[in-house]
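Below: one structure, written as structure tokens.
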Amino acid sequence: MLFIACIITLQLGAKSVVMASDLKPVNLRTEYKVNPVTDVGKPRLSWELTSLVRGQTQSAYQLLVASSPEQLVADKADLWNSNKVAGNATNQVEYAGKPLAARAICYWKVRSWDKNGEPGPWSAIAKWEMGLLTKSDWKAEWIGNDLTALGKGKTYHLPPAPFFRKETQLKGLIKRARLYVTSLGLYEFQINGKRVGKDYFTPGWTDYNKRVYYQTYDVTANLKTGKNALGAILSDGWYAGYLGYALLVGNPVVRNFYGSVPLLKAQLEVDYTNGEKEIITTDQSWKTNHGPILEADILNGETHNANLDFDNWSIVGYDDSKWKKSGTYPDKAERKIEVYPGNPIQVFQELKAKTVTPKSGGKYLFDLGQNFAGVVRLKVKGNKGDTIRLKFGEVLFPNGELMTENLRKARATDTYILKGSKDGETWTPKFTYHGFQYVEVAGFRTPPRLDAITGIVLTSATPSTGSFSTDNLLINKLYQNIVWTQRSNYFDVPTDCPQRDERLGWTGDAQAYVQSAAFNTDISAFYTKWLVDLNDAQRADHSYPIYAPAPNVRKTDTYSPGWSEAGIICPYTIYKTYGDTRVIREFWPNMVAYLKFMEAKSKGDYVYKEGSFEEISPKGGFGDWLSVGKKTPPDMLATMYYGYVASMMAEMAKAIGKQDESAYYTTIFTKIKQAFLAHYTDETGKFKTNSAAYGNGDGYVDGDMGFAGHTQTAYANAIYMHMLKPDLTQKAGNWLVELIKANNNKLSTGFLGVKPLLPALSSTGHSDEAYNLLLSTDYPSWGFEVVNGANTIWERWNSYIKGKGFENNAGMNSFNHYAFGSVNEWLFEYAAGIQVGEAGYRTFTIKPEIARLGIKQVKATYHSINGMITTAWKKDGSSIQVQVTVPINTIATVFIPTINPTTVLEAGKAVKTNSAITVKAYKDGYLPVEIGSGVYQFTSQN
Ligand code: BGC
């Protein structure tokens, strides 16, 4: 056995301490973030562990929380000393000390006892800061400048962006200063000529009638004793700007969904070294004007006339005598104002232009080499009044011209009017973003250089957690495309696409992709935010809507099976991934109400028979959106979804100690399965439907294609959602394979069928067929997109065909849509084999599905909340190597593929001889072994 006896001596100043264990907590986080500001009364703390010892676990921990770091250094804690707590918890540990006041800074450290009961060293010190906790902490007023009447243009009514400024005299030496700032609409804040913070699209999108978030910035270094200038620019943003396809569908409201005048609320709190405190707040004394930003709209673009620039407007001494006083606006009593819980949108990277090509009419086309969400920085030299017009597109027509039809009513055009500076000028818009790879620029006086346009990639800053690679370039490209698509669409809310007049938090897309997303990046904070949006948007009938946030952007938008279930599936996934039970508790009443809605909708039958959702639009809901061939009945899918979420409710109820409710939902699940079987299967278990009930399919999505129960999507979902008993599950797997064969070995699934397809194949022993589909480059397939030039995931299987062009541009043809990217789940869970066991990956399995052809090796890493998991398998002739890393304090069951269990070695020695490895019974071509933390190198004959 590999055991490193760890007696560690730490030099601590003069005294040296003998440490019995090397078990050390690292990566300390509060509410999923490193040293954040929070307004959660009992923030949850987490840490990971390092140790060189194999099979290491934590048997106890101790937390110290203090109001100064000095106390912690002396092992003192005036806020909370948890004392030694037995157990292996390393995350979701709630602060249980003294009540915390607004603005309090809490420093903390933690130490752990190892499996032998020996304590390890203390962690480094981390901290969190409390924000403003109640409305009464806010002294600032909402201020604004109503410019609505200045919006010109028939189709797009786009008023200019108001500027605000205020000079203030700070009378003492500054010890600490915080800016608390928010807006209805978007804001950019400046202090003494400098932009505050690195965040964009603040304060984020919420249902502004119910809540608005604020940001907190440490601005101690931005201020000086004496005079200081504060400034802010506002734009309509999601609050007052255009939303979704409202314009396209002729909705009576196309903008101003929450209000018509963007408003600012900011509070600068300065603590002086002499103990005094000063608060500078927004009020009517702030001066306001409008100038260079003539238009600023998320969907439609930004227009900047540099001749109207207010030079040095946020610097002390600027002459604002011509600016007027701000208006003040009443608060809405019911609107909460809270700390932004998500990951702010930030710059991810800059992209240099790859090529610039002259076009007719003096235009130039820049290629940034990658489809993404963001903006560009323009660098230009010209004459005063020259106008540069930038148009954005994701793809080119086969003739090389920019394709913009798929933007529909999103004008997505930025305009810059030069002031004619001798040294040239640079400009980046502040309040818009586009989904694009290509920029067509009009208005250059002389041929531009490549650096005239630089791409600025924007995304919610969810920390990277995963990687996936193989020896197959097609699959590697597919994976990169998935990651780019997530990056482009995790934009404050999980959007469907970043380019056209939509960009909504579509719930169906979100639920289909959430597990895939969780492998690529840490979505805990991002989803903590969006689940609030989703629950704020729960409808009066308790169904979850088809997108959140957003009031209806089309009058008839309501709910849809397959979309609404995001209200259960997403919190469940956050619970499973991070061990987060608070999310369950918080939304439990809402989730229960939704399940009641579903039950009432089934009229006590626990099955949705054909035509159960005729009253919604489209009839039956969106169903297996964008599938190929006959449609799977939406009611059949709705029944399976009902069963699926009931089973999740049972598991979540148990996780929060509601045993009775758990039993109740288990019973409901059983009833649904029975009723499903009775109604939707024949006596052999084959799926069927009464397609006559749909008539000619009028009003249903693709209803003219006809309906069938015996479809890939139906079996894939039934297997994935555990709707069938084991024997029927196996039969369903076989039918699934038959259907794929009958379809020339091609998939036919849409949004609801694609995610479960490969998992259903693999879990019924058909991984060869799963790999065949994955590696296919025929239409429809993931590979078809790649060989047709995709660098993101497309909305349609055939969004573009080389030599043929586009399908359906003007209707719906996004080139950056993650729903079909939900194959990522299979890549991590089956190709690499990482599957969560106990919530938060406290236990997990690694069961790689070895490809027969096309792929010889797969590597994946996943940084779980309990630490880094890695797995890599490689075929070498008849032998297989499987290397895995198991984080400290977790247990993995690794399934080693082999035809002969006696050939399984770890580090060259028979596994049976290794006491750190518990060998289980050989089954179905795998030898399962249970292991604790460490790096393991297995080999076997296959
Ligand atoms: C969106 C989708 C969405 C769908 C509803 C589309 O326009 O882009 O991704 O889920 O509508 O079916």
Side-chain angles (χ1 to χ4, degrees), residues 242-251 299 371 373 394 405-410 412 435 482 485-486 488-491 493-514 516-517 530 533-534 537 543-550 552-567 569-570 613 616-628 631-632 634 637-638 641 699-703 705 713 749-755 792-797 799 807-822:
Y242 287 82
L243 288 188
Y245 43 63
L247 198 59
L248 179 82
V249 301
N251 200 58
L299 295 177
N371 196 10
E394 301 186 280
E405 279 106 319
N406 72 335
L407 307 181
R408 300 191 311 211
K409 291 281 187 204
I482 292 170
T485 305
Q486 180 172 336
S488 310
N489 282 296
Y490 272 30
F491 207 92
V493 306
T495 65
D496 55 334
C497 56
Q499 73 299 86
R500 68 172 176 237
D501 52 353
E502 208 143 352
R503 312 188 202 179
L504 298 171
W506 280 98
T507 48
D509 309 46
Q511 68 84 0
Y513 187 73
V514 60
S516 289
W530 190 66
D533 298 333
L534 181 54
S543 62
Y544 284 102
I546 53 175
Y547 45 76
N552 285 7
V553 293
R554 170 168 37 206
K555 264 203 317 225
T556 52
D557 286 345
T558 55
Y559 75 94
S560 167
W563 271 246
S564 305
E565 291 83 350
I569 297 167
C570 295
F613 298 92
I616 58 177
S617 167
K619 276 186 188 171
F622 301 112
D624 192 22
W625 188 249
L626 299 181
S627 62
V628 185
K631 297 304 283 186
T632 308
L637 282 168
Y641 265 97
Y700 282 86
V701 174
D702 298 331
M705 319 269 292
T713 288
T749 49
F751 274 32
L752 299 186
V754 71
K755 171 178 71 170
T792 36
I793 300 294
W794 298 345
E795 181 171 25
R796 294 172 181 273
W797 292 116
S799 287
E807 306 276 325
N808 298 295
N809 282 344
M812 267 177 33
N813 201 13
S814 157
F815 285 81
N816 212 341
H817 229 84
Y818 55 57
F820 289 163
S822 58

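Counting starts at 1 for both ligands and their atoms, in listed order. Keep in mind that what you see is a predicted model, and the values were worked out from it rather than measured.
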Query raised in the report: Nearest heavy atom to atom 9 (O) of ligand 1: which of Leu752, Asn489, Asp509 does it belong to?
Result: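 That would be Asp509.
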Query - Residue selection (non-hydrogen contact nearest atom 7 (O) of ligand 1) among His817, Met812, Glu502, Arg503 - result: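 Closest candidate by heavy-atom distance is Glu502.
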Show which atoms of ligand 1 fall inside a sub-4.0 Å distance from at least one heavy-atom site of [X].
| X | answer |
| --- | --- |
| Glu795 | 8 (O) |
| Phe622 | 5 (C), 12 (O) |
| Trp625 | 4 (C), 11 (O), 12 (O) |
| Asp496 | 1 (C), 8 (O), 9 (O) |

Please round to the nearest 0.5 Å and tell me the distance separating atom [atom1] of [X] and atom [atom2] of [Y].
| X | Y | atom1 | atom2 | answer |
| --- | --- | --- | --- | --- |
| Met812 | Arg796 | CE | CZ | 4.5 Å |
| Asp509 | Asp496 | CG | CG | 5.5 Å |
| Ser516 | Ile793 | OG | CD1 | 10.0 Å |

Report task. For ligand 1, indicate whether the residue Trp563 contacts it via side chain, backbone, both or neither (heavy-atom separation under 4.0 Å). Result ->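 Near ligand 1, Trp563 shows its side chain, while the N, CA, C and O stay back.
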**Report entry** ligand 1 versus Arg500: contacting region, heavy-atom distance under 4.0 Å
**Finding:**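 Contact part for Arg500 vs ligand 1: side chain (C-beta onward).
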Query raised in the report: Which protein non-hydrogen atom lies closest to atom 3 (C) of ligand 1, naming both residue and atom, and how far is it?
Result: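 Of the protein heavy atoms, Trp506 CD2, 3.3 Å lies nearest.
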Query raised in the report: Any sub-3.5 Å donor-acceptor pair from Asn251's side-chain atoms to Lys555's backbone N or O?
Result: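 Here the side-chain-to-backbone pair exists.
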Query raised in the report: Closer than 4.0 angstrom: is that true for some heavy atom of Tyr547 and an atom of ligand 1?
Result: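 No heavy atom of Tyr547 comes that close to ligand 1.
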Query raised in the report: Have Glu394 and Asn816 got a donor and an acceptor in their side chains that come within less than 3.5 Å?
Result: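 Distance-only check fails for Glu394 and Asn816.
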Query raised in the report: With under 30° as parallel and over 60° as perpendicular, where do the rings of Phe751 and Trp563 fit, or are they tilted in between?
Result: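 The arrangement is parallel - the two ring planes meet at less than 30°.
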Report task. Please work out whether the ring planes of Phe820 and Trp797 are parallel, tilted or perpendicular, with thresholds of 30° and 60°. Result ->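 Phe820 and Trp797: parallel rings.
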